[in-house]
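Read through the structure below, which is laid out as structure tokens, and then see the notes.
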Amino acid sequence: MIDSNEFDSTLRRLIYAEPFVPFYAELADGRKIWIRQPVLVIGNGRASLIDSDDGALVSFTHDEVVGFHQTGQGVMV
């Protein structure tokens with residue numbers, strides 16, 4: 001689980017990185033939420049995005065996330 005402030009700051013750092021590198025949020029239940037574009041709504045330990053594959057609204061919170069990962073790298077928190 002990630003603290004809400006760390007959650008927000010980590011997501012902002014990842015989406016504003018130049019160049020942007022897709023990444024995913026690993027959830028405690030084993031799911032992965034891929035962030036393929038730097039378009040998220042972030043605040044107060046929550047994030048939402050529109051899934052680029054199916055157009056569904058995807059939301060997740062800091063207390064669900066165990067880490068953020070980029071392809072070929074370890075946990076980034």
(message) When you measure from the side chain of S9 to the backbone of E6, do you find a donor-acceptor pair of N or O atoms at a distance under 3.5 Å?
(response) yes
(message) Rounded to the nearest 0.5 Å, what separates atom CE in M1 from atom CD in E64?
(response) 10.5 Å
(request) Begin with the C-alpha distance, continue with both residues' side-chain angles, and end with the deciding distance and a verdict on side chain to side chain contact (heavy atoms under 4.5 Å, CB included) for L49 and V41. (result) CA-CA 6 Å; L49 67 131; V41 176; over 6 Å; no
(message) Can you give me the closest heavy-atom contact between S48 and S59, atom names plus distance?
(response) OG-OG, 2.8 Å
(request) Find out if a path of hydrophobic residues (ILVMFWY) with successive side-chain heavy-atom gaps under 4.5 Å connects I42 to L57. (result) no
(message) I need the minimum non-hydrogen distance between I35 and F20, along with the two atoms involved.
(response) O-CZ, 3.7 Å
(message) Measuring from atom CG of D3 to atom CG of D63, what distance do you get when rounded to the nearest 0.5 angstrom?
(response) 11.0 Å
(message) Let's go through V65 and H62 carefully: what are the C-alpha distance in whole Å and the side-chain angles of both, what is the deciding distance for side chain to side chain contact (heavy atoms under 4.5 Å, CB included) to 0.1 Å, and is it a yes or a no?
(response) CA-CA 5 Å; V65 175; H62 73 95; 5.9 Å; no
(request) Flag yes if more than 12 heavy atoms outside D51 fall under 6.0 Å of its CG atom; otherwise flag no. (result) yes
(message) Same cluster or not: L40 versus Y16, using hydrophobic residues (I, L, V, M, F, W, Y) connected whenever any side-chain heavy atoms lie under 4.5 Å apart?
(response) yes
(request) Could you pull out the closest heavy-atom pair between R46 and D8, with the gap in Å? (result) N-OD1, 4.1 Å
(request) Please check if W34 and F60 belong to a single hydrophobic cluster, counting links between Ile, Leu, Val, Met, Phe, Trp and Tyr side chain heavy atoms closer than 4.5 Å. (result) no
(message) Please say yes or no: joined through hydrophobic side-chain contacts below 4.5 Å, possibly via intermediate residues, are I15 and Y24 part of one cluster?
(response) no
(message) Can you give me the closest heavy-atom contact between L11 and F68, atom names plus distance?
(response) CD2-CE2, 3.5 Å
(request) Specify the closest pair of heavy atoms between I2 and V66, including all atoms of both residues, with the distance to one decimal. (result) CD1-C, 4.3 Å
(request) Mind running side chain to side chain contact (heavy atoms under 4.5 Å, CB included) on I33 and L27 for me, showing each step along the way? (result) CA-CA 8 Å; I33 297 176; L27 305 187; 3.8 Å; yes
(message) Can you give me the closest heavy-atom contact between Q70 and L14, atom names plus distance?
(response) NE2-CD2, 4.0 Å
